[in-house]
A.B. asks: 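One structure follows; several queries about it will come next.
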Number of protein chains: 2
Amino acid sequence: METNKVTIHDIAKSLNIDSSTVSRALNDSPRVTQKTKDKILAKAQSMGYQRNMLASNLRKNVTNSIGVVIPRISRHFFSSVIQGIEETAYDAGYSVVICQSLEELKRERNIIQTLVANRVAGVLISISMETTNYEHFQILNSQGIPYVFFDRHCEIPANNNVIINDFKGGYDATQHLVSKGCKNILHFSGPGHLEIYKNRLKGYKKALSDNNILFKTENIISSKLMEQDGKVITKKLMDDKVNFDGIFCANDQVAIGAIKYLNEIGVKIPEQVAIVGFSNEPVSNVITPSLTTIDQPGFEMGIKATELLIKNIKDQSGTLPPETITMETNLIERNSSQK
Amino acid sequence: METNKVTIHDIAKSLNIDSSTVSRALNDSPRVTQKTKDKILAKAQSMGYQRNMLASNLRKNVTNSIGVVIPRISRHFFSSVIQGIEETAYDAGYSVVICQSLEELKRERNIIQTLVANRVAGVLISISMETTNYEHFQILNSQGIPYVFFDRHCEIPANNNVIINDFKGGYDATQHLVSKGCKNILHFSGPGHLEIYKNRLKGYKKALSDNNILFKTENIISSKLMEQDGKVITKKLMDDKVNFDGIFCANDQVAIGAIKYLNEIGVKIPEQVAIVGFSNEPVSNVITPSLTTIDQPGFEMGIKATELLIKNIKDQSGTLPPETITMETNLIERNSSQK
DNA sequence: CTGTTAGCGCGTTCAA
DNA sequence: TTGAACGCGCTAACAG
């Protein structure tokens, strides 16, 4: 047990040089001759040396981990973002620690604390639905830990953000429904304090006004956008015999709930009712007539966010200006002929 | 910048005691009076002390992280397992590092190396489809790092495993199809070297023989079980006009591929054809007549595996006998009346 | 370019 | 029960 006890001192001793030179060589410092570097690397290899990351971390007071804070890993959108994060981070030599807030502010605070205590190199954050104040992120500033918001960002402009063009997404979704002949379009919206849902709503309003359709407040139905919400909302709509010919859903969960409920009660979704969600895979498996989705590029978003974060981590001066990257959605119209 | 520089020395100094006593108190050692303990804890609180995990890790030569090695995070089954892992680990004070092998042996080896170098407290593993030898896991033994296989385990019995009763799952699936009247049931199986697929196949064979149905080798179609495989296989079957009245799919991906292809070419899946997969959510969203699934308890599996791992981490003696926990699947018959 | 020296902050010996 | 002292393995500062 416990083999691998080779330290830089061992390899220094066997080469009659100093351990600090070995350290420099292993870190590819320019302050070592290529010749001695080669010698040291060869020796290290042959002795089966492996750097003790714990000691290295302590000395540098930082780890090679990137913390990721998301509401839920099981949401398809987030797991595809993580796919992008993982690949980018892995290639750059970082490992990824994933933490779920489960949409609770309390947990989110806790997670940030833990990540700071573990001296992560940087943090990627998509805030929870409960998050209305952002004080807990200040600790990252005070500790000099760079961070990037993605998707669910906060309205503070002085941050690094990688976000979706939610306004255009909402606009496209609504415009699509209008062009399909819908006159009375409902919007299942999210919590009013989250930027992304505010912007999707703005897009919805703009598309209506551009088409000379009157905006009605009662057509906006806000919820936490869980699948269950979709069911409950749709049930109430049907029970109340509310008149509508289109729904623009602000996310996939609520859309799935709505479709499932309609299926359950045996209501055939007519061609002219279209449901537009904001994430790909899960909705695409729910077969309805004329289903169209506004897909978010989750994977690419993960890559962009990680690249931006790493750029900030690598930056020595700490004076990089805050940056906001906006990504576009894709409207995907599905074949309505499938049964 | 860089506030929080409170160390055990600072709090020792302000109390006129030694830092070692503070260390003991903070670790709740029995070798400190309750009175001084209280005093120290109060002071630590008021000074805003936070343990430096990096230093602690170095000294103990182990972190409080659990490594998880899985093929793909975006597979629904794995993300539900992770949900269980996360919750259990979090409650026990561990953080979770997720690593994806992407079904590549090379990456899997690499990951194990990295986890060892980072001195994780333990590892949870579901092996890749390429993994046919298990030497790279020996390094965990030699370093004294406990590990547990879940779902995709290897045939080595002297390990900790949390597995599905795949034999019974395969049996139940096949029996279900037979009882629905199927006489000629195909089986979409996985790589022959993986235990789980071998066992599902055994269950299939047993159910056939119990029903006096002749087993035919040509009814077994093996692949890597990706969605694309399901499409390709089904296309070939249809093109070749192969005669069958039921399919037992060894996972959800391949089932989705099959169903999607049939949808694409406009073939209505007749009532007597049932497709049985091995994971829940994604398939449940694919609406077909008489779809039945054999659900795996992913979340519970994550909990069990993590509990077993933590038990092994906590064990000082290192002589805990290997343990194998078997979990049962649930056959879920879906309402075939939905269109 | 290389060697010397000095910790990072904690946990654990050994003494008292 | 507490204190003193040491070192985990590495890197950074300062010499030369």
Side-chain angles (χ1 to χ4, degrees), chain A residues 2-41 43-44 47-64 93 116-121 143-144 316, chain B residues 1-41 43-44 47-64 93 116-119 121 143-144 316:
Chain A
E2 300 284 335
T3 39
N4 219 327
K5 280 285 166 196
V6 188
T7 73
I8 50 172
H9 299 289
D10 299 326
I11 121 154
K13 211 166 289 172
S14 80
L15 248 44
N16 277 323
I17 53 173
D18 195 84
S19 59
S20 58
T21 307
V22 177
S23 174
R24 281 191 276 259
L26 294 171
N27 285 299
D28 202 26
S29 157
R31 299 177 19 175
V32 186
T33 324
Q34 189 59 46
K35 219 180 82 185
T36 49
K37 245 184 218 176
D38 292 340
K39 202 170 57 180
I40 291 171
L41 257 62
K43 196 72 187 174
M47 293 179 76
Y49 170 80
Q50 254 190 235
R51 168 195 267 126
N52 184 327
M53 293 308 290
L54 305 191
S56 173
N57 290 342
L58 170 61
R59 192 55 179 82
K60 294 191 297 191
N61 199 33
V62 69
T63 67
N64 59 339
V116 169
N118 280 288
R119 300 288 194 281
V120 290
Q143 300 289 111
Q316 311 286 3
Chain B
M1 288 239 179
E2 300 285 333
T3 40
N4 220 328
K5 280 286 166 195
V6 189
T7 74
I8 51 171
H9 300 288
D10 299 326
I11 122 154
K13 210 168 288 174
S14 81
L15 248 44
N16 276 322
I17 53 175
D18 194 85
S19 58
S20 57
T21 308
V22 176
S23 173
R24 282 190 275 259
L26 293 172
N27 285 302
D28 203 25
S29 156
R31 299 177 23 175
V32 185
T33 325
Q34 188 60 46
K35 220 179 84 185
T36 48
K37 245 183 220 177
D38 293 340
K39 202 169 57 183
I40 291 170
L41 257 62
K43 196 69 186 178
M47 292 179 77
Y49 169 79
Q50 255 191 235
R51 175 193 311 229
N52 183 327
M53 294 308 290
L54 304 192
S56 174
N57 290 343
L58 171 61
R59 193 58 180 77
K60 294 189 298 191
N61 198 34
V62 68
T63 67
N64 58 341
V116 169
N118 279 287
R119 301 286 194 281
Q143 299 289 111
Q316 310 287 3

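Letters A, B, ... are given to chains in the order of the sequence lines, protein chains preceding strands, and every chain is numbered from 1.
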A.B. asks: For A:Thr36, which contact category applies under a 4.0 Å heavy-atom criterion: base, sugar-phosphate, or nothing?
C.D. replies: sugar-phosphate
A.B. asks: Calculate the interatomic distance between A:Asp18 atom CG and D:dA13 atom P; express it in whole Å.
C.D. replies: 17 Å
A.B. asks: C:dT4 base to A:Arg24 side chain: any donor-acceptor pair below 3.5 Å?
C.D. replies: no
A.B. asks: State the CG-CG distance between A:Asn118 and B:Asn57, to the nearest 0.5 angstrom.
C.D. replies: 7.0 Å
A.B. asks: If we ignore angles and hydrogens, is there a donor and acceptor under 3.5 Å between the side chains of B:Arg119 and B:Asn61?
C.D. replies: yes
A.B. asks: Which one, C:dT12, D:dA15, C:dG9, comes nearest to the side chain of A:Arg31?
C.D. replies: D:dA15
A.B. asks: Below 3.5 Å, does any donor atom in the side chain of B:Arg59 face an acceptor in the base of D:dG9, or the other way round?
C.D. replies: no
A.B. asks: Would you mind reading off the distance between B:Leu15 atom CG and D:dT2 atom C1', rounded to a whole angstrom?
C.D. replies: 13 Å
A.B. asks: What is the distance, rounded to the nearest whole Å, between atom NZ of A:Lys13 and atom P of C:dG3?
C.D. replies: 15 Å
A.B. asks: Return the 5'-most residue of the pair B:Pro30, B:Ala55 with respect to DNA chain D, ranking by each residue's nearest nucleotide.
C.D. replies: B:Pro30
A.B. asks: How long is the line joining CG of B:Asn61 and P of D:dC10, in whole Å?
C.D. replies: 11 Å
A.B. asks: Taking the basic N atoms (NZ, or NE/NH1/NH2) and the acidic carboxylate oxygens, is any pair closer than 4.0 Å for B:Lys5 and B:Asp10?
C.D. replies: no
A.B. asks: Quick one: label A:Ser20 by what it contacts on the DNA or RNA (base, sugar-phosphate, nothing), any heavy atom closer than 4.0 Å.
C.D. replies: base
A.B. asks: Is B:Tyr49 close enough to C:dC10 that one of its side-chain N or O atoms is under 4.0 Å from OP1 or OP2 there?
C.D. replies: yes
A.B. asks: Reckon B:Leu54 touches a base, only the sugar-phosphate, or nothing at all at heavy-atom distances under 4.0 Å?
C.D. replies: nothing
A.B. asks: Can you tell me the distance, in whole Å, between the CG atom of B:Asp10 and the P atom of C:dG9?
C.D. replies: 9 Å
A.B. asks: Return the value, rounded to whole Å, for the distance between atom CG of B:Asn27 and atom P of C:dT13.
C.D. replies: 13 Å
A.B. asks: Is the shortest side-chain N/O distance from A:Asn52 to OP1 or OP2 of D:dC8 below 4.0 Å?
C.D. replies: no
A.B. asks: Take atom CD1 of B:Ile17 and atom C1' of D:dA5, then tell me their distance rounded to the nearest Å.
C.D. replies: 17 Å
A.B. asks: Is the backbone of B:His9 close enough, under 3.5 Å, to the side chain of B:Thr7 for a donor and an acceptor to pair up by distance?
C.D. replies: yes
A.B. asks: Tell me whether the OP1 or OP2 atom of D:dC10 has a side-chain N or O from A:Asn57 closer than 4.0 Å.
C.D. replies: no
A.B. asks: Can you tell me which nucleotide in C:dG9, C:dG3, C:dG11 comes closest to the side chain of B:Lys5?
C.D. replies: C:dG9
A.B. asks: Which of these nucleotides, D:dT2, C:dT4, C:dC10, is closest to any side-chain atom of B:Thr21?
C.D. replies: D:dT2
A.B. asks: Reckon A:Ser23 touches a base, only the sugar-phosphate, or nothing at all at heavy-atom distances under 4.0 Å?
C.D. replies: base
A.B. asks: Measure from the side chain of A:Ile8, starting at C-beta and using heavy atoms only, and say which of D:dT11, D:dG9, D:dG3 lies closest.
C.D. replies: D:dT11
A.B. asks: For A:Asp38 and C:dC1, give me the distance from atom CG to atom C1', rounded to whole Å.
C.D. replies: 15 Å
A.B. asks: Is there a donor-acceptor contact under 3.5 Å from the side chain of A:Lys13 to the main chain of A:Ile8?
C.D. replies: no
A.B. asks: Can you tell me if the side-chain N/O atoms of A:Thr33 get under 4.0 Å from OP1 or OP2 in C:dT2?
C.D. replies: yes
A.B. asks: Hey, does A:Arg51 reach any base, or is it just sugar-phosphate, or nothing, if we go heavy atoms under 4.0 Å?
C.D. replies: sugar-phosphate
A.B. asks: Quick one: does B:Asn27's side chain get under 4.5 Å of B:Arg51's, heavy atoms only?
C.D. replies: yes
